[in-house]
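Below is one structure; the comments refer to it alone.
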Amino acid sequence: MATYSRLPGSVALITLHNPPVNALSAAVRQGIVDAVQRALKDPKVTSVVICGQNGKFCGGADIREFAGPMLGPPLVPMIHAIEAVDKPVAAAIEGVALGGGLELALACHYRIAHSKAVLGLPEVTLGLLPGAGGSQRLPRLIGLTAALDLITTGRHVSAAEALKLGVLDQVTDSNAVDLAVEFVRSVAGQPLDSRRLSTLPCPCPPDVDSLLDKVMSKVRQRSRGALAPVACVRALRAAASLPYAQGMEKERELMATLFNSGQARALQYAFFSQRVVGKWSLPSGARWDNSTARIISKAAVIGLGTMGRGIVVALALTGISVVAVETQEKQLAEASRVVPAMLQREAGRRRLATPPGVISFSSNLQDVSEVELVIEAVFEDMSLKLQVFKHLSSVCRPGTLLCSNTSGLDIDQLAAVTQSPGLVVGMHFFAPAHVMKLLEVVYGPRSSPEAVATAMQLGKRMGKVGVAVGNCPGFVGNRMLKPYLEQANFLLEEGATPRQVDEALEEFGFPMGVFRMSDLSGLDVGWRIRKEAGLTGPGVESTRTRQGRRYSPLPDQMCEAGRLGQKTGKGWYQYDGPGGRVARSDPWVHIFLETYRAEHGLVARSITLEEILERCLYALINEGFNILQDAVAAGPEDIDAIYVFGYGWPRHRGGPMFHADQVGLGRILQRLNQHSHPDVPHLKPSTLLRRLVAAGSPPVQKWREFINKERVHSQL
Ligand SMILES: CCC/C=C/C(=O)SCCNC(=O)CCNC(=O)[C@H](O)C(C)(C)COP(=O)([O-])OP(=O)([O-])OC[C@H]1O[C@@H](n2cnc3c(N)ncnc32)[C@H](O)[C@@H]1OP(=O)([O-])[O-]
C-alpha cells in the first residue's frame with residue numbers, strides 16, 4: 001500500500017509500503033493512485049514528495065505478480081497521471097529506484113537522491129523493456145546515447161553517475177526525504193511544463209541511424225538470441241523518431257510481445273533461482289537461517305596457478321588480508337608480479353578507488369598459521385591435496401576453516417586427514433576466479449553448518465552466486481558436463497564435425513560450443529583425469545568400449561598428437577599460433593576424423609542440428625535429474641543457477657532443468673529412450689524423470705516438493 005500524510009508547509013508525502021523493496025504491487029499502485037488524487041484535491045497542498053518506507057524508494061514492478069492475472073490499477077496510466085499533476089512532485093530516492101521504480105521517478109517533476117542510492121532500468125535482464133514509459137522518458141531526459149547504454153544493459157548506476165547523466169537533480173549525503181520536502185516547497189507555484197519529460201524532444205546525435213544500427217548489431221552479437229535487448233533498441237528508435245504518444249504505442253506493442261514470451265518467463269525464473277540458492281539447506285536440517293557464519297578478515301590461498309591467483313584477487317577485493325603461498329619459487333615470483341596488477345585492474349573495472357585488501361606472498365606454508373580460513377588451490381592431484389591438508393591441519397590454529405578449490409575430488413577424503421573434519425568444505429571457483437560469478441560450496445557428510453555458512457557468506461561478500469552442493473565426483477556442474485562432452489565426441493565419431501556441433505550449441509545460445517570451449521581450457525585437463533581414472537594411457541587397449549561403457553578415444557588421440565588447444569595453436573580448430581584466439585576449421589582434423597572412422601569401421605552419416613542438441617543437452621539434463629534424485633543438489637533452481645552462472649547456459653533459457661520443463665518432460669523421456677543404448681548409461685532415463693512424467697509432469701517450481709514427498713515414501 002501507500003500512505004498519505006500532510007507535512008507542515010503544504011507538502012503532501014506519499015510513502016510506498018511493501019517490504020522488502022516496496023515493489024509496485026497492485027496494493028501499492030492503488031495506494032499511489034488514491035494518494036495522488038487526495039493531494040490533487042486538497043487545496044492546502046501545493047507540492048508532493050513520493051518516497052519509500054525503510055530507506056528504499058522502489059524496486060520496480062512486483063515480479064511475482066507477472067505470473068498471474070493483472071489486478072489493480074495499471075502502471076502506465078498511474079505514471080501518466082503523476083506527470084500531469086499541476087503541483088510539483090519530487091521523488092525522494094533512497095536505497096533503490098529500479099525498473100518501474102525509476103519509471104515512477106521519471107514521471108515526477110524532480111528527482112532527489114541519497115548518495116548511496118542505486119538507479120537503473122534492469123527490465124532487460126528479466127526479458128522485458130521499461131514498459132511504463134521508461135523507454136520514452138529516459139532518452140528525452142539524458143539523450144539517446146546514454147539511454148541506449150542503460151536500457152540495453154540494464155546496469156545499475158550510482159547516484160553520482162545518475163547525477164552526472166542528468167537523471168537526478170540533486171544528491172545528498174543526508175536525508176533525501178527532508179531535502180526533497182524542502183526543495184518542493186521552494187519551487188511550489190513555478191511552471192512545470194519543462195519538467196514533464198513526455199513533452200520534451202529526444203536529444204539525439206546527428207548520425208542517429210548509424211548509432212542505432214551499431215547498437216543493434218552489438219546487442220544481437222552479445223545476447224545470442226535474446227529478444228529483450230533487441231526490443232529495447234527498437235523502443236529507443238521509436239523514442240528518437242516518433243512523437244511521445246506514438247513512441248508509447250510502440251513501447252506497449254513491444255512489451256506485449258516480450259511479456260508473453262518464454263524468454264521473459266525463463267529470465268524471471270532465473271532471477272528467483274538466484275535468490276532461492278541463497279536459502280540453502282543441508283540434509284542434516286542445517287539451513288541458511290539457523291546457522292551462523294564467521295566473518296573472515298584474514299585468509300590464505302595455497303597454490304598460485306591461474307585459479308589461485310584469481311582467488312587471491314577475489315578475496316583482496318572484499319578487503320580481506322590474504323597470505324598467498326606458493327612453494328615453487330619461479331611460480332611465486334611470477335605471481336608476486338602479476339597478482340597486484342590483476343587486483344589493480346579489477347578494482348578499476350569495479351570503480352573502486354584503491355584495492356581494499358592487503359596481500360603478502362610467501363613460499364612457506366608455516367605463514368598461514370594465523371589466518372581464519374585457507375583455500376587450497378594446488379594442482380588437481382589427490383595425493384598432493386591430501387599432503388597439503390595434513391600439513392595445514394597441523395600448522396593452522398584450531399578452528400581454522402580449510403577449503404579446497406578442487407573441481408571434483410572427494411571432499412570427505414580431504415576432511416578425513418585433518419583434525420577437524422567438520423571445518424572442511426569445498427569452495428569450487430570458476431576461471432577466472434575474480435570474474436566468474438559461480439561458487440560451488442561443497443559439503444561432505446561431516447562438514448559443519450558453520451563451515452558451510454561461512455563459505456556461503458564469504459562467496460556473497462566476493463559478489464558470487466554461491467550454491468551449496470553435496471559431495472560426489474564432479475559435484476553438480478562437472479558431473480553434468482561429462483555426459484555432454486561424451487555425446488559431443490560420439491557425434492564426431494558418427495559423422496559430425498567440431499564446427500557443426502559448436503554451431504548448433506552456439507545457436508542455442510551458449511557463448512562457445514563444446515569444442516571451442518575445450519580448446520580454450522586445454523584438452524590435457526580431461527586427458528589427465530581420464531588417465532587417473534585408468535581410461536587411457538600406456539597399457540590401456542585402444543578400443544571404443546572401456547570399463548564396460550562406450551568410450552571415444554578421439555580426445556586422447558588429439559592430445560597424443562600434441563593438439564592441446566589454443567595454448568599449442570592447434571586443437572579441434574587451428575589458431576594463428578600458440579595462444580591464438582580465432583578458431584578456424586582445420587583440414588587436419590577432418591582427415592584425422594575420416595581416418596579414425598575408417599579404422600573403426602564407422603560410416604559417417606549426416607547428423608541434424610536437432611539430434612546434436614538433443615543428444616548433448618538431454619544427456620546433461622538427464623544427469624541433472626540423477627543429481628536431484630541423489631540429493632546432491634537441493635532443487636532444480638540450484639542446478640540452473642550453476643549452469644547459468646558458471647557454464648554459459650543462456651540465461652534467457654533459464655537453465656537446463658527449466659529448459660526440460662519448457663520442452664516437456666514426456667518429450668525428454670521419449671527422446672532419451674530413443675537415443676538410449678545399453679553401453680551408454682548416461683542416456684538411460686533417470687528414475688526421477690520417469691516418476692515426474694508418471695505424475696503428470698508437474699512444473700519445475702513443484703519438483704522440490706515432489707522429490708521430498710517421493711523421498712519420504714522411499715520411491716527415489
Ligand atoms: C509495465 C512494467 C514495467 C516495469 C517492469 C519492472 O519494474 S520489472 C522489475 C524491475 N526491477 C528489478 O529488476 C529489481 C529486482 N531486484 C533487485 O535487483 C534486488 O532485489 C535489489 C537490488 C532491489 C535488492 O537486492 P538485495 O540483495 O538487497 O535483496 P534480494 O535481491 O535478495 O531481494 C530481497 C527480496 O526482495 C524480492 N524482490 C526484489 N525485487 C523484487 C521485485 N521487483 N518484485 C518482487 N520481489 C522482489 C526478492 O525476490 C527477495 O525476496 P525473498 O527471496 O526474500 O523472498
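Every value quoted in this text rests on a predicted model; they were computed, and no experiment measured them.
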Exercise for review: Taking the side chain as every heavy atom from C-beta outward, state whether Arg185 and Val11 have any pair of such atoms under 4.5 Å apart.
Suggested key: yes
Point to revise | Qualifying ring-ring contact (aromatic ring centres under 6.0 Å, His included) pairs, either residue in residues 172-202, two or more places apart | key: Tyr110-Phe183
Point to revise | Residue pair Glu94 / Asn175, side-chain heavy-atom distance below 4.5 Å | key: yes
Check your understanding: Quick one: are Val36 and Ile82 in side-chain contact, heavy atoms under 4.5 Å?
Key -> yes
Study note, to complete from the structure: For Tyr643, the ring pair (Phe, Tyr, Trp, His ring centres under 6.0 Å) test, sequence neighbours excluded, returns Tyr647
Review point. Which pairs with one or both residues in residues 257-271 pass side-chain hydrogen bond (donor to acceptor under 3.5 Å, both in side chains), sequence neighbours excluded?
Key: Tyr269-Asp640
Exercise for review: Would you check, one step at a time, whether the test side-chain hydrogen bond (donor to acceptor under 3.5 Å, both in side chains) holds for Tyr244 with Arg137?
Suggested key: CA-CA 9 Å; Tyr244 176 77; Arg137 282 198 182 85; 3.2 Å; yes
Check your understanding: Does the side chain of Glu251 pick up a donor-acceptor pair with the side chain of Ser135 at under 3.5 Å?
Key -> yes
Review point. Rounded to the nearest 0.5 Å, how far apart are CD1 of Ile151 and SG of Cys232?
Key: 6.5 Å
Point to revise | Residues which pass ring pair (Phe, Tyr, Trp, His ring centres under 6.0 Å) with Phe429, listed by chain and number, not counting sequence neighbours | key: none
Study note, to complete from the structure: The reported gap from CG in Leu75 to CZ in Arg29 (rounded to nearest 0.5 angstrom) is 6.5 Å
Review point. Taking 4.0 angstrom as the limit, do Glu249 and Arg252 come out as a salt bridge?
Key: yes
Check your understanding: Among Val177, Val49, Leu13, whose side-chain contact (heavy atoms from CB on, under 4.5 Å) with Leu7 holds?
Key -> Leu13
Review point. What pairs meet the ring-ring contact (aromatic ring centres under 6.0 Å, His included) rule with one or both residues in residues 114-140, with sequence neighbours excluded?
Key: none
Exercise for review: Run through Thr46, Asp42, Val48, Val45 and flag the one making a side-chain contact (heavy atoms from CB on, under 4.5 Å) with Ser10.
Suggested key: Thr46
Exercise for review: Grab the two heavy atoms, one from Val277 and one from Asp638, that are nearest each other, plus how far apart they are.
Suggested key: CG1-CA, 3.6 Å
Practice item. Could you go through the ring pair (Phe, Tyr, Trp, His ring centres under 6.0 Å) check for Phe66 and Phe259 one step at a time? Key: CA-CA 8 Å; Phe66 290 167; Phe259 202 80; 5.2 Å; yes
Check your understanding: Would you call Glu161 and Arg155 a salt bridge, using N to O less than 4.0 angstrom?
Key -> yes
**Study point:** Spacing of Ile63 atom CD1 and Leu24 atom CG [to the nearest 0.5 Å]
**Key:** 11.0 Å
**Study point:** Derivation and outcome, side-chain hydrogen bond (donor to acceptor under 3.5 Å, both in side chains), residues Ser198 and Glu83
**Key:** CA-CA 8 Å; Ser198 66; Glu83 194 189 63; 2.6 Å; yes
Point to revise | Heavy-atom closest contact (Thr292 atom, Glu450 atom, distance) | key: O-CG, 3.4 Å
Practice item. In plain terms, say whether Glu346 and Arg349 are close enough for a salt bridge, that is, a side-chain N and a carboxylate O under 4.0 Å apart. Key: yes
Practice item. Check Arg140 against Leu197 and note the closest heavy-atom contact, atom names and distance. Key: CD-O, 3.2 Å
Check your understanding: Which atom pair, heavy atoms only, marks the closest approach of Ala314 to Ala433?
Key -> CB-O, 4.0 Å
Practice item. Mind jotting down which residue pairs meet the ring-ring contact (aromatic ring centres under 6.0 Å, His included) criterion with at least one end in residues 156-178? Sequence neighbours excluded, please. Key: none
